[in-house]
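Have a look at the structure below, then the notes.
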Amino acid sequence: MRDFFLKQQIVENSFTGNSKGGIYECAVADSFIKNDYALHFYKNESTKREIDFILQKDGNIVPVEVKAGASKSQSLSSFMKNHPEVPLAYKLTDGNIGLDENRILTVPLWMCMFL
(Lines give C-alpha, C1' and ligand atoms only; values in the text may rest on other atoms or scores of the structure.)
Protein backbone atom coordinates (compact mmCIF):
# COMPACT_ATOMS: atom_id res chain seq x y z
CA MET A 1 0.00 0.00 0.00
CA ARG A 2 1.54 3.24 -1.11
CA ASP A 3 -1.41 5.46 -0.29
CA PHE A 4 -0.73 6.93 3.16
CA PHE A 5 -4.28 8.29 3.46
CA LEU A 6 -5.70 4.78 3.02
CA LYS A 7 -3.32 3.40 5.66
CA GLN A 8 -4.33 6.18 8.01
CA GLN A 9 -8.02 5.40 7.54
CA ILE A 10 -7.39 1.71 8.27
CA VAL A 11 -5.47 2.48 11.47
CA GLU A 12 -7.96 5.12 12.66
CA ASN A 13 -11.03 3.14 11.51
CA SER A 14 -12.37 6.27 9.84
CA PHE A 15 -13.78 4.80 6.62
CA THR A 16 -17.14 6.03 5.41
CA GLY A 17 -19.50 4.66 2.82
CA ASN A 18 -19.69 1.20 1.28
CA SER A 19 -15.97 0.71 0.68
CA LYS A 20 -15.19 -0.21 4.29
CA GLY A 21 -16.39 -3.83 4.10
CA GLY A 22 -14.62 -4.56 0.82
CA ILE A 23 -11.34 -3.12 2.04
CA TYR A 24 -11.53 -5.17 5.24
CA GLU A 25 -12.27 -8.34 3.23
CA CYS A 26 -9.22 -7.67 1.03
CA ALA A 27 -7.01 -7.11 4.08
CA VAL A 28 -8.22 -10.37 5.65
CA ALA A 29 -7.71 -12.24 2.35
CA ASP A 30 -4.15 -10.87 2.21
CA SER A 31 -3.48 -12.11 5.74
CA PHE A 32 -4.87 -15.57 4.95
CA ILE A 33 -2.79 -15.85 1.78
CA LYS A 34 0.34 -14.87 3.72
CA ASN A 35 -0.48 -17.67 6.18
CA ASP A 36 -0.66 -20.18 3.26
CA TYR A 37 -4.43 -20.71 3.31
CA ALA A 38 -6.17 -21.53 0.05
CA LEU A 39 -9.13 -19.17 -0.21
CA HIS A 40 -12.58 -20.55 -0.97
CA PHE A 41 -15.97 -18.88 -1.09
CA TYR A 42 -19.43 -20.29 -0.38
CA LYS A 43 -22.73 -19.21 -1.89
CA ASN A 44 -26.05 -20.99 -1.54
CA GLU A 45 -27.76 -20.44 -4.89
CA SER A 46 -31.29 -20.98 -3.58
CA THR A 47 -31.09 -18.61 -0.60
CA LYS A 48 -28.38 -16.29 -2.03
CA ARG A 49 -26.54 -16.47 1.30
CA GLU A 50 -22.79 -16.40 1.13
CA ILE A 51 -19.76 -16.89 3.34
CA ASP A 52 -16.74 -14.68 2.69
CA PHE A 53 -14.08 -17.35 3.24
CA ILE A 54 -13.99 -21.11 3.72
CA LEU A 55 -10.59 -22.24 5.01
CA GLN A 56 -9.29 -25.73 5.70
CA LYS A 57 -7.47 -26.21 8.99
CA ASP A 58 -6.51 -29.46 10.73
CA GLY A 59 -8.82 -31.47 8.47
CA ASN A 60 -11.85 -29.29 9.19
CA ILE A 61 -13.50 -26.58 7.19
CA VAL A 62 -13.54 -23.20 8.88
CA PRO A 63 -16.10 -20.64 7.68
CA VAL A 64 -15.07 -17.01 8.16
CA GLU A 65 -17.28 -13.95 7.76
CA VAL A 66 -15.87 -10.41 7.71
CA LYS A 67 -18.06 -7.59 8.99
CA ALA A 68 -17.14 -3.92 8.85
CA GLY A 69 -19.25 -3.26 11.93
CA ALA A 70 -20.62 -5.33 14.77
CA SER A 71 -23.69 -6.49 12.83
CA LYS A 72 -25.12 -10.01 12.82
CA SER A 73 -24.20 -12.50 10.15
CA GLN A 74 -27.37 -14.21 8.97
CA SER A 75 -25.47 -16.26 6.38
CA LEU A 76 -22.94 -17.60 8.86
CA SER A 77 -25.62 -18.44 11.46
CA SER A 78 -27.67 -20.29 8.85
CA PHE A 79 -24.59 -22.17 7.59
CA MET A 80 -23.66 -23.30 11.09
CA LYS A 81 -27.22 -24.43 11.88
CA ASN A 82 -27.28 -26.51 8.69
CA HIS A 83 -23.79 -27.98 9.19
CA PRO A 84 -23.48 -29.39 12.73
CA GLU A 85 -20.30 -31.24 11.70
CA VAL A 86 -18.41 -27.92 11.47
CA PRO A 87 -16.88 -27.39 14.93
CA LEU A 88 -16.30 -23.62 14.83
CA ALA A 89 -16.78 -20.56 12.63
CA TYR A 90 -15.21 -17.12 12.92
CA LYS A 91 -16.78 -13.72 12.51
CA LEU A 92 -14.19 -10.97 12.20
CA THR A 93 -15.62 -7.61 13.27
CA ASP A 94 -14.81 -4.19 14.53
CA GLY A 95 -15.74 -5.32 18.02
CA ASN A 96 -14.95 -7.56 20.95
CA ILE A 97 -14.50 -11.30 21.46
CA GLY A 98 -17.50 -13.53 22.04
CA LEU A 99 -18.92 -16.98 21.35
CA ASP A 100 -22.58 -17.50 20.44
CA GLU A 101 -24.90 -20.51 20.58
CA ASN A 102 -24.19 -21.36 16.91
CA ARG A 103 -20.46 -22.04 17.50
CA ILE A 104 -19.50 -18.69 15.98
CA LEU A 105 -16.49 -17.08 17.61
CA THR A 106 -16.46 -13.32 17.11
CA VAL A 107 -12.99 -11.78 17.16
CA PRO A 108 -11.58 -8.35 16.25
CA LEU A 109 -10.48 -7.94 12.63
CA TRP A 110 -6.82 -7.55 13.54
CA MET A 111 -6.76 -11.11 14.94
CA CYS A 112 -7.21 -12.65 11.47
CA MET A 113 -3.47 -13.27 11.33
CA PHE A 114 -3.80 -15.76 14.24
CA LEU A 115 -6.50 -18.01 12.72
Rounded to the nearest 0.5 Å, what's the gap from [atom1] on [X] to [atom2] on [Y]? Could you check?
X: R49; Y: E65; atom1: CZ; atom2: CD; result: 11.0 Å
X: D52; Y: S75; atom1: CG; atom2: OG; result: 8.5 Å
X: F114; Y: N35; atom1: CZ; atom2: CG; result: 9.5 Å

Grouping I, L, V, M, F, W and Y whenever their side-chain heavy atoms are under 4.5 Å apart, do V66 and L76 come out in a common cluster? no
Please tell me whether I51 and I33 are part of a single hydrophobic cluster in this structure, the criterion being side-chain heavy atoms less than 4.5 Å apart.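 No.
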Show me the donor-acceptor pairs within less than 3.5 Å that the side chains of residues 99-113 make with the rest of the protein, sequence neighbours left out.
residue, atom, partner, partner atom, Å
D100, OD1, N102, N, 2.9
D100, OD1, R103, N, 3.4
D100, OD1, I104, N, 3.1
R103, NE, V86, O, 3.0
R103, NH2, M80, O, 3.1
R103, NH2, H83, O, 3.1
R103, NH2, V86, O, 3.1

Linked hydrophobic residues, F41 as query - side chain contacts closer than 4.5 Å: none
Contact check, side chains of Y42 and N44, non-hydrogen atoms, under 4.5 Å: yes
If you define the side chain from C-beta out and look only at heavy atoms, does anything of Y24 sit under 4.5 Å from L92?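 Counting from C-beta outward, Y24 and L92 never come under 4.5 Å.
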Are the side chain of S77 and the backbone of S73 linked by a donor-acceptor contact shorter than 3.5 Å? yes
Keeping the roles fixed (side chain from N82, backbone from S78), state whether a donor-acceptor pair exists under 3.5 Å.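 Yes, because the side chain of N82 sits within donor-acceptor range (under 3.5 Å) of the backbone of S78.
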Step through the shown structure and confirm whether more than 12 heavy atoms of other residues, nucleotides or ligands are within 6.0 Å of NZ on K34. no
Give every donor-acceptor pair under 3.5 Å between a side-chain atom in residues 53-63 and any protein atom, sequence neighbours left out.
none

